[in-house]
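All ligand and atom numbering here is 1-based and tracks the order in the structure. Just so it is clear, the values below take in all heavy atoms, side chains as well, and ignore hydrogens, waters and symmetry mates.
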Amino acid sequence: AKRSGKNAWRFCEAKSQLIAYENMLLRRDLREAVERGELALHYQPLVDAQCGCVVSFEALLRWTSSTYGVVPPSRFIPLAEESDMILGIGKWVLEESCRFIHKLAAMGNEDIHVSVNVSPRQLAADDFVALVRETIDREGINPKQLEIEITENVLITSMEESTRRLSELRAIGVRLSLDDFGTGYSSLTYLRSLPVGTLKLDKSFIDQILSDVRQLQFISSIINMAHVLGLAVVAEGVETEEQLEKLVECQCDFIQGYVFSRPVTEKEALLFLDW
Ligand code: C2E
Ligand code: CA
Ligand code: CA
Ligand code: CA
């Protein structure tokens with residue numbers, strides 16, 4: 001038993017070494033992904049739960065590596081977030097999204113907004129607010145068409161500093177939303193002091209919505225409380241008509257998920273606006 005235990009340990013060690021090696025290779029390629037033009041943004045529509053019309057898109061990063069093929073965000077974003085690499089990538093995402101917003105506005109879609117995911121390290125960078133302002137100015141877009149999605153993680157290290165940054169962004173006129181609500185140290189208490197306008201209910205909440213009446217009541221209460229606080233609510237990862245129906249009953253404001261569309265290319269995203 002002792003012997004096999006040792007082997008198992010060796011196997012685990014070998015496996016973790018392999019993962020470390022893979023991470024090293026991916027990191028090396030990711031560093032050049034922006035310059036090589038290997039990154040792309042896909043856009044997933046968010047739909048108004050009442051009228052069923054598209055109100056915004058979430059920009060989601062895609063990496064097609066010349067060496068490794070398609071690498072999912074769950075694999076490479078954490079690697080980028082470990083270092084300053086996320087700053088360069090994040091800057092590209094912001095520029096690309098603002099370029100898309102410019103296009104939307106030029107086509108007459110001035111009410112549609114685009115949301116961008118921002119990592120804690122980006123928000124913590126001293127020049128982040130200036131970067132956002134400059135990018136908006138350079139693309140000549142209305143700041144109201146840009147939304148920044150942050151997660152609760154940004155609050156863990158420095159609640160005060162983060163809140164100040166977010167207020168500065170709000171002052172520029174960009175929208176703010178709190179992403180993945182329900183996965184971390186979600187608290188409705190600090191929601192009151194955060195300058196965000198939208199709360200995004202995590203997919204893990206939505207997944208349980210049909211299995212359990214109490215879960216449905218729980219989500220319904222969160223939506224009610226968010227409304228009391230003046231926040232709009234988005235349900236993420238909605239996959240079925242049944243889930244959609246329940247969420248509409250619960251007064252959820254916006255729906256995002258495969259039930260309407262997966263993230264699509266910019267070209268395909270524009271088709272949502274043509275009918
Ligand atoms: P997220 O911000 O929570 O984004 C939503 C994720 O849920 C996306 O995964 C989206 O494709 C997926 N999704 C949407 N609807 C459904 C559904 O109905 N069913 C299922 N199963 N999934 C659905 P994706 O694109 O793989 O992105 C994963 C995560 O990577 C994102 O989670 C976000 O945290 C991060 N990410 C993506 N793009 C960026 C970026 O540009 N910057 C940063 N910092 N993070 C990003
Ligand atoms: Ca998000
Ligand atoms: Ca999310
Ligand atoms: Ca998520």
Student: Tell me whether His42 reaches ligand 1 (any heavy atom closer than 4.0 angstrom to a ligand atom).
Tutor: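 It does not; every heavy atom stays at 4.0 Å or beyond.
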
Student: Determine whether the interatomic SG-SG distance for Cys250 and Cys252 falls below 2.5 angstrom.
Tutor: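 Taking the criterion (SG atoms under 2.5 Å apart), Cys250 and Cys252 fail it, so no.
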
Student: Would you say Pro72 contacts ligand 1, with heavy atoms under 4.0 Å as the rule?
Tutor: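 The answer is no: ligand 1 sits nowhere under 4.0 Å from a heavy atom of Pro72.
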
Student: Please confirm whether Lys203 approaches ligand 1 to less than 4.0 Å, judged on its heavy atoms.
Tutor: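 It does; at least one heavy atom falls under 4.0 Å.
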
Student: At the 4.0 Å heavy-atom cut-off, does Ser74 count as touching ligand 1?
Tutor: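 Not so, Ser74 does not reach ligand 1.
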
Student: Could you tell me which residues satisfy side-chain contact (heavy atoms from CB on, under 4.5 Å) with Asn153, sequence neighbours excluded, listed by chain and number?
Tutor: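 side-chain contact (heavy atoms from CB on, under 4.5 Å) check on Asn153 returns Pro120, Thr151, Ile156.
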
Student: Just let me know how Ile77 lines up against ligand 1, side chain, backbone, both or neither, with a heavy-atom cut-off below 4.0 Å.
Tutor: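 Looking at Ile77 and ligand 1, just side chain atoms fall under 4.0 Å.
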
Student: Inside 3.0 Å of the Ca ion (ligand 2) but strictly below it, how many protein N/O/S atoms are present?
Tutor: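 Under the 3.0 Å cut-off, the count stands at 4.
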
Student: Return each pair, listed once, that meets side chain to side chain donor-acceptor pair (under 3.5 Å) where at least one residue sits in residues 133-146; pairs must be two or more places apart or across chains.
Tutor: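 For residues 133-146, and leaving out neighbouring residues, there are no side chain to side chain donor-acceptor pair (under 3.5 Å) pairs at all.
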
Student: Excluding sequence neighbours, so at least two apart, what forms side chain to side chain donor-acceptor pair (under 3.5 Å) with Glu266?
Tutor: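 Expected list: Arg99, Lys103.
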
Student: Please determine, by modelled atom types, if Thr265 and Glu268 share a side-chain donor-acceptor pair under 3.5 angstrom.
Tutor: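 Yes, Glu268 and Thr265 have a side-chain donor paired with an acceptor closer than 3.5 Å.
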
Student: Using non-hydrogen atoms of the residue, decide whether Lys200 is closer than 4.0 angstrom to ligand 1.
Tutor: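 Under 4.0 Å: no for Lys200.
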
